[in-house]
Amino acid sequence: MKQNTFYLLAGFIGLIEVGLFWVSVLIRESMLITVSFVVGILAIYVARGRISDKRDDERSALITRKAGARTLEVFWILFFAVSLGSLVMGFATPLGIPPPPRPFPKSPPDEPHIGYFGLLQMVLLCGMAFLYIGFRLYYAKKYGDWDDN
């Protein structure tokens with residue numbers, strides 16, 4: 001298979017994973033998404049080995065290395081800042097002691113849900129993937145490594 005076909009297949013597997021995640025939430029079964037995620041990664045790994053027009057030259061390695069390094073350089077700052085905000089959110093809530101009644105109650109209630117932190121991490125991971133793709137495109141343009149199919 002061609003490399004662009006592989007990317008389409010990986011995107012399709014990602015969409016299936018999102019659907020299975022939603023089903024897991026609806027039926028409240030965490031093992032469904034856990035197992036399907038591992039199976040999806042294995043399927044992508046097997047498909048990656050069947051790419052016929054894979055380029056592994058020095059320029060591609062340079063672009064991959066630079067894009068990965070820049071992604072980590074930018075992402076750790078973003079991740080650290082969001083983690084600090086999450087800590088404040090977690091420590092600012094009452095620790096088992098009900099808060100005094102307020103004259104004007106807030107809506108929604110001031111109770112953090114543990115799923116919000118998982119959702120926040122997923123948003124950060126998606127941001128990291130898009131950041132990597134952006135750096136990959138930038139360095140591919142800079143070093144002249146564009147796909148022609």
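The basis for the numbers below is simple: all heavy atoms, side chains too, and nothing from hydrogens, waters or symmetry mates.
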Please determine whether residues L137 and L8 belong to a single hydrophobic cluster, defined as Ile, Leu, Val, Met, Phe, Trp and Tyr linked transitively by side-chain heavy-atom distances below 4.5 Å. no
Between T5 and M1 (side chain of the first, backbone of the second, donor and acceptor by atom type, cut-off under 3.5 Å), is there such a pair? no
One pair to check against side chain to side chain contact (heavy atoms under 4.5 Å, CB included): M128 and V74. What are the steps and the verdict? CA-CA 9 Å; M128 184 177 177; V74 172; over 6 Å; no
Nearest-0.5 Å distance that lies between atom CD1 in I44 and atom OH in Y7: 11.5 Å
Just how far is it from atom CZ of R65 to atom OH of Y139, taken to the nearest 0.5 Å? 11.5 Å
Gap separating the CD1 atom of I13 from the CD1 atom of I41, nearest 0.5 angstrom: 8.5 Å
Is it the case that the side chain of S36 and the backbone of I33 share a donor-acceptor pair, with hydrogens and angles ignored and the cut-off at 3.5 Å? yes
Between V35 and V38, is there a shared hydrophobic cluster once you connect ILVMFWY residues whose side-chain heavy atoms come closer than 4.5 Å? no
So, does W76 use its side chain to make a donor-acceptor pair with the main chain of E73 at under 3.5 Å? yes
If you round to the nearest 0.5 Å, how far is OG1 of T71 from CD1 of I133? 9.5 Å
With clusters defined by side-chain heavy atoms of hydrophobic residues (ILVMFWY) lying less than 4.5 Å apart, directly or transitively, does M31 cluster with V39? yes
Does any part of the side chain of Y138, heavy atoms only, come nearer than 4.5 Å to the side chain of K66, both counted from C-beta? no
Closest contact, heavy atoms only, I63 versus A140: CD1-CA, 3.7 Å
Would you give the length of the straight line joining atom OG of S52 to atom CZ of F6, rounded to the nearest 0.5 angstrom? 12.5 Å
How about F75: does its CZ atom have over 12 heavy atoms from other parts shown lying under 6.0 Å from it? yes
Scan side-chain atoms only and decide if R70 and Y132 contain a donor-acceptor pair under the 3.5 Å cut-off. no
Taking L72 as the starting point, is it possible to reach L131 by hopping between hydrophobic residues whose side chains are less than 4.5 Å apart? yes
Taking all non-hydrogen atoms of both residues, which atom of I51 and which atom of K2 are closest, and how far apart? CG2-C, 4.3 Å
Taking every non-hydrogen atom, the tightest pair across E17 and G40: OE2-CA, 3.5 Å
Reported CZ-to-CG distance for the pair R48 and L9, which is rounded to 0.5 angstrom: 13.5 Å
Got more than 12 heavy atoms from elsewhere within 6.0 Å of CD, E58? no
Shortest non-hydrogen pair, L20 vs L32, comes out as O-CD2, 4.1 Å
